[in-house]
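Working notes, beginning with the structure itself.
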Amino acid sequence: MLAILKYKAGNQTSVRRALDSLGIENTITADPAELERAQGVIFPGVGAAGTAMEELVGEGLDSVLKSLIWQEKPLLGICVGCQILLDYSEENDTKALSVIPGECRLFNPSWTEDAEGRIPIKVPHMGWNSVRLLAECELFQGIDPRSEFYFVHSYFPAPAEEYVIGQTVYGRPFCSVHGRRGLWAVQFHPEKSGRPGLQLLANFATYCREAADAQ
């Protein structure tokens, strides 16, 4: 079973529908005991980093998440859940979870989409873009490298270099996948990214099951 973290800044329902469509048992919960029993945790997020952190801290879920990660419980952060695994976000001047070293930065509207520098990027970044992997990652097994995923965000993660797994180009290359084995974070929304996104979620579930069986 996978647990989807329940908090007011999360987008739990869309993630649950995606897992249900794959036949993956799941539950939406903020109960530490249920999170502990789950084979893996999905940490979604929408909206602003400051609001998300206020919700987590207010419910004591920041400590719960850190404890699960310390225990090497597999975790997948999505969108804002990806951003606030870092130390800091420029959005709302937010002190984040400090699970992975780095910060989250605002897209620079002076960046351009074309080589001639004539077409400025639009902020927020909304639409479909590919991911170029810089390191092997179980999440992307069986996914065509040309696949595109759905993004909607104004801020992007900038972790320490050794944690960068994948990049996407929007004006300039930015980190769109970061973490380490068993602790992954994606800036895009796999639950809204069609077949490639569903495959990514299925791969995460497979990793969680195999990790649990190996214990």
Side-chain angles (χ1 to χ4, degrees), residues 4-12 14-15 40-59 61-66 68-69 74-109 111 121-129 131-135 137 139 149-180 182-193 197 200-201 204:
I4 304 166
L5 186 68
K6 181 180 181 180
Y7 71 117
K8 292 180 182 178
N11 183 27
Q12 301 96 359
S14 295
V15 176
V41 175
I42 296 180
F43 175 33
V46 295
T51 301
M53 280 303 302
E54 287 177 5
E55 294 292 342
L56 290 172
V57 172
E59 298 296 326
L61 292 172
D62 56 331
S63 298
V64 172
L65 276 175
K66 289 181 179 181
L68 292 170
I69 292 167
L75 184 139
L76 173 63
I78 296 174
C79 198
V80 173
C82 156
Q83 297 174 0
I84 60 178
L85 289 174
L86 301 171
D87 295 312
Y88 171 79
S89 175
E90 291 182 347
E91 187 174 25
N92 312 125
D93 189 26
T94 302
K95 185 181 185 303
L97 290 168
S98 293
V99 171
I100 292 174
E103 62 183 40
C104 193
R105 300 171 183 164
L106 178 66
F107 276 114
N108 188 332
W111 293 356
I121 62 170
K122 296 179 181 179
V123 181
H125 169 213
M126 297 178 64
W128 296 80
N129 291 82
V131 173
R132 182 172 72 93
L133 292 181
L134 304 182
C137 181
L139 292 182
F149 301 87
Y150 183 70
F151 290 80
V152 53
H153 59 123
S154 297
Y155 295 79
F156 63 93
E161 185 176 354
E162 62 267 30
Y163 292 93
V164 177
I165 295 172
Q167 287 184 335
T168 295
V169 176
Y170 189 61
R172 297 180 186 177
F174 70 91
C175 174
S176 53
V177 185
H178 69 79
R180 57 162 174 75
L183 171 59
W184 294 292
V186 297
Q187 180 57 63
F188 54 84
H189 286 274
E191 76 280 8
K192 298 181 180 179
S193 295
L200 187 147
L201 292 172
F204 178 67

Note to self: Tell me which pairs pass salt bridge (Lys or Arg N to Asp or Glu O under 4.0 Å) where either residue lies in residues 79-107, with sequence neighbours left out.
What the structure shows: Glu103-Arg105
Next item on the list: For the pair Leu56 and Ile84, evaluate side chain to side chain contact (heavy atoms under 4.5 Å, CB included) and give the outcome as yes or no after the intermediate values.
Entry: CA-CA 10 Å; Leu56 290 172; Ile84 60 178; 3.7 Å; yes
Next item on the list: Nearest 0.5 Å please: distance from the CG atom of Leu61 over to the CG atom of Leu68.
Entry: 10.0 Å
Check: Could you state the interatomic distance from OG (Ser89) to CG (Leu97), rounded to the nearest 0.5 Å?
Finding: 11.5 Å
Checklist line | Lys66 side-chain N/O to Val99 backbone N/O, donor-acceptor pair under 3.5 Å | finding: no
Next item on the list: Output the distance between atom CG (Leu5) and atom CD (Gln12), rounded to the nearest 0.5 Å.
Entry: 7.5 Å
Note to self: Give me the atom names and distance for the closest heavy-atom approach of Ile4 to Pro44.
What the structure shows: CG2-CG, 4.1 Å
Checklist line | Tyr170 (side chain) donor-acceptor with Lys122 (main chain) under 3.5 angstrom | finding: yes
In residues 152-161, what donor-acceptor pairs under 3.5 Å come from side-chain atoms, sequence neighbours left out?
{"from": "His153", "atom 1": "ND1", "to": "Tyr155", "atom 2": "O", "distance (Å)": "2.7"}
{"from": "His153", "atom 1": "NE2", "to": "His125", "atom 2": "ND1", "distance (Å)": "2.8"}

Note to self: Name the residue from Trp128, Phe107, Phe188 that meets the ring-ring contact (aromatic ring centres under 6.0 Å, His included) definition with Phe151.
What the structure shows: Phe188
Notebook entry, point to check: Where is the tightest heavy-atom contact between Val80 and Gly47, given as atom of each residue plus distance?
Noted result: CG2-O, 3.3 Å
Margin query: Going by side-chain contact (heavy atoms from CB on, under 4.5 Å), Val15 matches just one of Glu191, Lys192, His189. Which one?
Written below: Glu191
Checklist line | Closest non-hydrogen atom pair, Thr94 against Tyr88 | finding: O-CD1, 3.1 Å
Margin query: With side chain to side chain contact (heavy atoms under 4.5 Å, CB included) as the criterion, how do Val131 and Val186 come out once you've worked through the C-alpha distance, each side chain's angles and the decisive distance to 0.1 Å?
Written below: CA-CA 10 Å; Val131 173; Val186 297; over 6 Å; no
Item checked: Spacing of CD1 belonging to Ile69 relative to CD1 belonging to Ile100, to within rounding of 0.5 Å -> 7.5 Å
Notebook entry, point to check: Can you name the nearest heavy-atom pair linking Glu55 to Ala9, along with the distance?
Noted result: CG-N, 4.3 Å
Check: Partners of Ser176 by side-chain hydrogen bond (donor to acceptor under 3.5 Å, both in side chains), sequence neighbours excluded?
Finding: Thr168
Notebook entry, point to check: What is the distance from atom CG of Leu76 to atom CH2 of Trp184, rounded to the nearest 0.5 Å?
Noted result: 8.5 Å
Check: Can you say whether the rings of Phe43 and Tyr7 are parallel (under 30°), tilted (30 to 60°) or perpendicular (over 60°)?
Finding: tilted
Notebook entry, point to check: Where do Leu201 and Ile42 land on the side chain to side chain contact (heavy atoms under 4.5 Å, CB included) test, with the steps shown first?
Noted result: CA-CA 10 Å; Leu201 292 172; Ile42 296 180; 4.2 Å; yes
Check: Shortest non-hydrogen contact from Val177 to Cys175?
Finding: O-SG, 3.3 Å
Next item on the list: Taking all non-hydrogen atoms of both residues into account, name the closest pair between Gly102 and Leu86 and its distance.
Entry: O-CB, 3.5 Å
Next item on the list: Could you tell me whether a side-chain N or O of His178 sits under 3.5 Å from a main-chain N or O of Cys82, the two making a donor and an acceptor?
Entry: yes
